2 protein chains.
Amino acid sequence: MPRPKTHDEALRVRLLDRASELLAAEGARALSLRRLAADVQTSTTAVYSLFGSKPGLVNALYSEGFQRFDERLRSVPRSGDAVEDVVRLGLAYRDSALAHRRLYAVMFTSAVPGFEPDEQASKLAMSALQPLWDVVAHGIAAGAFADVPTEVIAVSCWACAHGLVSLELNETLPREIDFCRAYERSIRANANGWRR
Amino acid sequence: MPRPKTHDEALRVRLLDRASELLAAEGARALSLRRLAADVQTSTTAVYSLFGSKPGLVNALYSEGFQRFDERLRSVPRSGDAVEDVVRLGLAYRDSALAHRRLYAVMFTSAVPGFEPDEQASKLAMSALQPLWDVVAHGIAAGAFADVPTEVIAVSCWACAHGLVSLELNETLPREIDFCRAYERSIRANANGWRR
DNA sequence: ACCCTATCGGGACGCTGTTACGAAACGGGT
DNA sequence: ACCCGTTTCGTAACAGCGTCCCGATAGGGT
């Protein structure tokens, strides 16, 4: 009976797509609701009826980001050697982060001031790293890694990769390093440090 | 001949102190020029004549933060064993970060939207990690670490610590971990991975 | 043709960083 | 003693932000 809905699923994906573009092209500063709404030829109200708030919109981007992360990591082929597999996952992690560096900033540094992921998004984030957990658990069971709780080694590997990527994206590092090579060596050394 | 200056060095430190407090107590969101100026009983103009802009103010906080970092790391006693020293520096790094967690967010994640450190501040940031570079270089020279460029191992250790602290502060980690112990073990494993 | 109602867009509110401009406050010249 | 010139500072305006309210809208049922 009322006027037809235009704030529908189609508009939702258009908003998300454009928000991704804005974020990737010009960073978190440029992601304003007014601009976003204007670019998609709607009003800011659309964001509120579809996402609840700006943090709600960012939460959707966050979830999308971790979903891509999930797919990317899950598609990494296994070698059977635990250290080698950790290295492969680490390289895929970096590739994925560099491919969407602004989104990575939203996911791991609080680039959007008011935003914090809701519980569902946080679970999605953790589950994206399941491949790493699997590889580490398998490595421990096979006797390749030290006999400590899986999380300890998995978090260590994750943090090593995350720290390297984070420093690289922040451009905090000395410029003259061949970072790609150093990255792989570092991931490998870290994993080797956990050998039995 | 003109009216006496009140935007002087004393006001500068009062502004910085209060800005630190606001940042530590309520986070980057609460650090607004109007509020800051009101709290110190001056006007926003003061920030502009003393720091040039809000990013300028944050740049000063950033520098202060790395200076404290520098002092903290420089005061860590050396044991002579390279791996042990890396672990000690890592623990001090975490202590310092946890003691000023909001400032850490400004220093390593871009928590204040418009801010990027100027060249001088960036140099200060690098020099704060000199102790780590020294320990690693000494470890390589003594044959404890593999014979690779110093930066490679130093950045690896730094990234491992930074990644762990970053994930801890971001509360991205599974809750049930005894993080303090896991942190030390992880730093040690990473350093051990670089053994010759 | 009319009304009812869910829905949407424009505009208001309070906030932000930044800047332009007029007021203020002093020393020196008349 | 008065006034002026110069420098410095606080106020207010501007553009933009996220958010929310309220009036306009557009369709189906009577």
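First the proteins, then the strands, lettered A, B, ... as listed; each starts at 1. In this text the structure is predicted, and so the values were computed from the model without any measurement.
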Output the rounded distance in Å from [atom1] ([X]) to [atom2] ([N]).
X	N	atom1	atom2	value
A/L36	D/dC17	CG	P	11 Å
B/L15	D/dG10	CG	P	11 Å
A/L22	D/dC17	CG	P	11 Å
B/K54	C/dC15	NZ	P	15 Å
B/E26	C/dT16	CD	P	12 Å
A/R3	C/dT7	CZ	P	10 Å
A/Y48	C/dC13	OH	P	17 Å
B/L33	C/dG17	CG	P	4 Å

Consider the side chain of [X], meaning its heavy atoms from C-beta on, and name the nucleotide among [options] that approaches it most closely.
X	options	value
B/T44	C/dA6, D/dC9, C/dT18	C/dT18
B/T42	D/dG10, C/dT18, D/dC9	D/dG10
A/S53	D/dT19, C/dC8, C/dT16	D/dT19
B/P4	D/dT19, C/dA25, D/dG27	C/dA25

Between [Y] and [X], is there a salt bridge with N-O shorter than 4.0 Å?
X	Y	value
B/D39	B/R18	yes
B/D81	B/R195	yes
B/E84	B/R188	yes

Judged by nearest nucleotide, the residue sitting upstream toward the 5' end of DNA chain C, A/K5 or B/R35, is A/K5
State whether the distance check finds a donor on one side and an acceptor on the other, under 3.5 Å, for side chain A/R34 versus base D/dG16.
-> no
Could you tell me which non-hydrogen atom of A/A125 sits nearest to which non-hydrogen atom of A/Y62, and how far apart they are?
->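 A/A125 and A/Y62 have their closest heavy atoms at CB-OH, 3.7 Å.
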Distance-only donor-acceptor hits, side chain of residues 133-149 of chain B, under 3.5 Å, sequence neighbours excluded:
unit_1: B/D134; atom_1: OD1; unit_2: B/Q130; atom_2: NE2; d: 3.1

Contact class for A/P113 (heavy atom, under 4.0 Å): base, sugar-phosphate, or nothing?
->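 No contact at all - A/P113 keeps every heavy atom at 4.0 Å or more from the nucleic acid.
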Heavy atoms under 4.0 Å, any strand shown: does B/L31 hit a base, just sugar-phosphate, or nothing?
-> sugar-phosphate
Nearest nucleotide by nearest heavy atom, which residue falls closer to the 5' end of DNA chain D, B/R29 or B/D8?
-> B/D8
Is there a side-chain polar atom (N or O) of [X] under 4.0 Å from OP1 or OP2 of [N]?
X	N	answer
B/H7	D/dG10	yes
B/T45	C/dT19	no
B/S43	D/dT11	no

